[in-house]
Q: 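Before I ask anything, let me first share the structure, which is written out below as structure tokens.
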Amino acid sequence: GGGAASRARGGNPAGCATGCARLGDLFWEGRGVDKDRSKAASLYQQGCTPKPLFNNDKYRDAYACSRLADLQASGEEVPRNQEEAGAHYDTACSLGYRSACIPAAEIVFANKSATPKQWKAAAFQLGKACNDGIKAACERQERECRTGHATACLSAAKSYDVAKRKAHPWAMPRDPAREMEFLTLG
């Protein structure tokens, strides 16, 4: 059809991905369409789901995955499911939506039965976000380090070390003293 959802697909044979995420926002907020949060949740799900025949992340939208995770974490319009929320935040983070790295890690840190491998992955996700200049991620990994999690200490130290190799203006400033502090804590 020629409706908004069809236009959101933008001719992409793999489905709507980014278009679904943006259209989901319109339905969530009721901008230019009747407010329909259930429809928004469905659109976020579509944007986050790998497409048949194109089963790779190229045709998934990181923002859609993060919004879907927000809904799953809160239980708004979809059943509350922390495990699914964590998986979708993790996907969003891996796809480059670094703001999703913090809640992805928070869900792991709150899970008393999380494995060391999951803790390491969570610390790594925070490190990626920190390296991309998200200060809250840097602060979170530092807090985890100070509570005795060695992987978070190593990740924090790497964030200050990696910064010296990055030319990005948003990267953490190189700070050898902070790097050493976290290496000795870990």
Q: Please check if Leu126 and Ile134 belong to a single hydrophobic cluster, counting links between Ile, Leu, Val, Met, Phe, Trp and Tyr side chain heavy atoms closer than 4.5 Å.
A: yes
Q: Which is it for Arg67 and His88 under the side chain to side chain contact (heavy atoms under 4.5 Å, CB included) test, yes or no, and what are the steps along the way?
A: CA-CA 9 Å; Arg67 287 293 294 138; His88 285 113; over 6 Å; no
Q: How long is the gap from OG on Ser99 to CG on Asp132, to the nearest 0.5 Å?
A: 10.0 Å
Q: Determine yes or no for a side-chain-to-main-chain donor-acceptor pair under 3.5 angstrom, with Arg98 supplying the side chain and Cys93 the backbone.
A: yes
Q: Please test Ser94 against Gln125 for side chain to side chain contact (heavy atoms under 4.5 Å, CB included), starting from the C-alpha separation and ending with a verdict.
A: CA-CA 8 Å; Ser94 296; Gln125 294 287 48; 3.5 Å; yes
Q: So, Glu29 side chain and Leu26 main chain: donor-acceptor pair closer than 3.5 Å or not?
A: no
Q: Are the side chains of Thr147 and Phe109 in touch, meaning some heavy atoms are under 4.5 Å apart?
A: no
Q: Counting only N and O atoms by type, is there a donor-acceptor contact under 3.5 Å from the side chain of Ser74 to the main-chain atoms of Asp70?
A: yes
Q: Taking atom types as modelled, is there a side-chain donor on Gln118 or Asn111 under 3.5 Å from an acceptor on the other?
A: no
Q: Check the hydrophobic clustering (I, L, V, M, F, W, Y; side-chain heavy atoms under 4.5 Å; chains of links allowed) and say if Trp119 and Tyr89 are grouped together.
A: no
Q: Which heavy atom of Ala100 sits nearest a heavy atom of Ser66, and at what distance?
A: CB-OG, 3.9 Å
Q: Hey, what's the ring geometry for Tyr97 with Tyr63, parallel, tilted or perpendicular (30° and 60° as the breaks)?
A: perpendicular
Q: To the nearest 0.5 Å, tell me how far Ser38 OG sits from Glu77 CD.
A: 5.5 Å
Q: Would you call Lys35 and Phe27 a side-chain contact if the rule is heavy atoms closer than 4.5 Å?
A: no
Q: Could you give me the CA-CA distance, side-chain angles and deciding distance for Arg60 and Thr49, then say whether side chain to side chain contact (heavy atoms under 4.5 Å, CB included) is met?
A: CA-CA 6 Å; Arg60 297 173 85 180; Thr49 302; over 6 Å; no
Q: For Ala73, is there any backbone N or O sitting under 3.5 Å from a side-chain donor or acceptor partner on Arg80?
A: yes
Q: Determine, using the 4.5 Å side-chain heavy-atom cutoff (strictly less than), whether Val78 and Trp28 are members of one ILVMFWY cluster.
A: yes
Q: What I want to find out is whether Glu76 reaches Arg37 closely enough, with some N-O distance under 4.0 Å, to be called a salt bridge.
A: yes
Q: Could you tell me whether a side-chain N or O of Asn131 sits under 3.5 Å from a main-chain N or O of Gly127, the two making a donor and an acceptor?
A: yes
Q: With heavy-atom distances below 4.5 Å as the criterion, would you say the side chains of Arg22 and Asp61 are in contact?
A: yes
Q: Could you tell me the separation between the CZ atom of Arg140 and the SG atom of Cys145, rounded to the nearest 0.5 Å?
A: 12.0 Å
Q: Is there side-chain contact between Gln72 and Glu83, with heavy atoms separated by less than 4.5 Å?
A: no
Q: Any salt bridge linking Glu139 with Arg143? Criterion: basic side-chain nitrogen under 4.0 Å from a carboxylate oxygen.
A: no
Q: Asp25 versus Arg31: any side-chain heavy-atom pair under 4.5 Å?
A: yes
